[in-house]
Amino acid sequence: VVKIRDFKMENALLLNVEDILQDSKGNDYVFTIELEGDTPIARKTLVESGDSYNGKSYIKKGLKKNDLIVSEGARSIVDGQPVNWEKLKD
């Protein structure tokens, strides 16, 4: 087996491919969490994804480094819905 590195990006934002959803118009999105007061709210956030490898996709646009991403239950929530969340360990 020969592996060739054909892409390298410093400080790239990577997401699990299953965390990236697609709406009926073909737009890729994820749900991010915003705090409204003390209430965490799910927000539909459009993203532009790039290359994928080993179950991870590079995010070109739409997210910032410290955005909180919904990774479990995202297919059963809607934009603006209050959510319960638990921050995963780094």
Side-chain angles (χ1 to χ4, degrees):
V1 174
V2 175
K3 292 185 179 184
I4 299 172
R5 182 190 327 185
D6 63 350
F7 181 77
K8 182 177 179 180
M9 171 73 61
E10 296 292 329
N11 300 314
L13 290 173
L14 299 174
L15 287 183
N16 293 323
V17 293
E18 61 267 9
D19 293 338
I20 303 170
L21 307 172
Q22 196 171 68
D23 64 19
S24 61
K25 295 179 182 176
N27 298 310
D28 289 341
Y29 70 96
V30 297
F31 280 106
T32 55
I33 296 175
E34 294 180 0
L35 288 177
E36 290 187 4
D38 291 334
T39 305
I41 304 293
R43 292 291 179 207
K44 179 180 177 179
T45 304
L46 295 177
V47 296
E48 182 180 332
S49 57
D51 294 334
S52 296
Y53 178 74
N54 252 8
K56 304 281 186 190
S57 283
Y58 157 58
I59 302 300
K60 293 180 178 181
K61 292 183 185 178
L63 294 177
K64 297 179 294 299
K65 180 180 177 181
N66 293 318
D67 283 346
L68 299 173
I69 306 300
V70 175
S71 62
E72 290 185 28
R75 296 187 189 281
S76 62
I77 59 176
V78 295
D79 186 42
Q81 178 178 333
V83 293
N84 294 320
W85 68 290
E86 178 180 317
K87 187 174 180 180
L88 301 176
K89 295 178 182 177
D90 294 333

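Numbers here are sequence positions counted from 1. As the structure is a computational prediction, the values presented were derived from the model and not from experiment.
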Given Thr32, Asn27, Asp23, the one that forms side chain to side chain donor-acceptor pair (under 3.5 Å) with Lys44: Asp23
Backbone of Glu18 reached by a side-chain donor or acceptor of Asn16 within 3.5 Å: no
Closest non-hydrogen atom pair between [X] and [Y], with its separation:
{"X": "Pro82", "Y": "Ile41", "answer": "CA-CD1, 3.8 Å"}
{"X": "Gly62", "Y": "Asp67", "answer": "O-OD2, 4.4 Å"}
{"X": "Leu13", "Y": "Lys64", "answer": "CD1-C, 4.0 Å"}
{"X": "Asp19", "Y": "Val30", "answer": "O-CG1, 3.4 Å"}

Cluster check [X], [Y]: I/L/V/M/F/W/Y, side chain < 4.5 angstrom:
{"X": "Tyr29", "Y": "Leu68", "answer": "yes"}
{"X": "Ile33", "Y": "Phe31", "answer": "yes"}
{"X": "Val70", "Y": "Leu46", "answer": "yes"}
{"X": "Leu15", "Y": "Val17", "answer": "no"}

Sequence neighbours excluded - salt bridge (Lys or Arg N to Asp or Glu O under 4.0 Å) pairs with any residue from residues 27-37: Glu34-Arg43, Glu36-Arg43
How long is the span from the [atom1] atom in [X] to the [atom2] atom in [Y], to the nearest 0.5 Å?
{"X": "Ile77", "Y": "Leu21", "atom1": "CD1", "atom2": "CG", "result": "8.5 Å"}
{"X": "Lys60", "Y": "Glu48", "atom1": "NZ", "atom2": "CD", "result": "5.0 Å"}
{"X": "Ile69", "Y": "Ile59", "atom1": "CD1", "atom2": "CD1", "result": "8.0 Å"}

